[in-house]
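Here is the structure we will look at.
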Amino acid sequence: MTTVILPDGTLAETEAGTVLEILSRLGFNPYEVLATADGELLLDDEFCDEGTELKLTSIVHGG
């Protein structure tokens, strides 16, 4: 399982997959959060293996 630290600090677990797949499973809009692992920013198409700890951070944008 992949552990995900949600923006509110709670933990969730999900199956391995791309960042975009994981965000979709957890109900997050990829334009509203940034995903990092080991302090590195991840792109939507990067694969997260079993055992990866993914951290989601909310972002604010406007125009």
Side-chain angles (χ1 to χ4, degrees):
M1 298 301 280
T2 299
T3 302
V4 183
I5 303 170
L6 303 176
D8 65 1
T10 59
L11 298 177
E13 289 193 345
T14 186
E15 296 175 18
T18 66
V19 171
L20 190 57
E21 290 169 342
I22 291 171
L23 292 177
S24 178
R25 271 188 234 132
L26 297 175
F28 285 94
N29 182 331
Y31 296 107
E32 296 177 354
V33 292
L34 293 176
T36 58
D38 298 323
E40 298 288 325
L41 183 64
L42 301 176
L43 301 176
D44 289 342
D45 63 349
E46 291 191 62
F47 192 82
C48 295
D49 294 317
E50 298 288 328
T52 300
E53 185 175 279
L54 191 63
K55 181 176 181 182
L56 303 181
T57 304
S58 292
I59 57 172
V60 177
H61 55 86

Query raised in the report: What are the two closest non-hydrogen atoms of I59 and V33, and how far apart are they?
Result: CG1-N, 4.0 Å
Report task. Take atom CG of D45 as the centre, draw a 6.0 Å sphere, and report whether it contains more than 12 heavy atoms from other residues, nucleotides or ligands. Result -> yes
Could you tabulate the donor-acceptor pairs under 3.5 Å formed by side-chain atoms of residues 12-22, not counting sequence neighbours?
residue : atom : partner : partner atom : Å
T14     : OG1  : R25     : NH1          : 2.9
T18     : OG1  : E21     : N            : 3.1
E21     : OE1  : T18     : N            : 2.9

Query - CD (E53) with more than 12 external heavy atoms under 6.0 Å - result: no
Report task. Would you check if I5 and L54 make a side-chain contact, meaning some heavy-atom pair closer than 4.5 Å? Result -> no
**Report entry** Nearest heavy atoms of A37 and T52, plus distance in Å
**Finding:** CB-CG2, 4.2 Å
**Report entry** Within 6.0 angstrom of E40 CD, more than 12 heavy atoms from elsewhere
**Finding:** no
Query - Rounded distance (nearest 0.5 Å) linking atom OG1 of T36 with atom CG of L42 - result: 7.0 Å
**Report entry** Main-chain N/O of D49 paired with T2 side-chain donor or acceptor, under 3.5 Å
**Finding:** yes
Query - Atom pair CD/OG1 of E50 and T3 - distance to nearest 0.5 Å - result: 9.5 Å
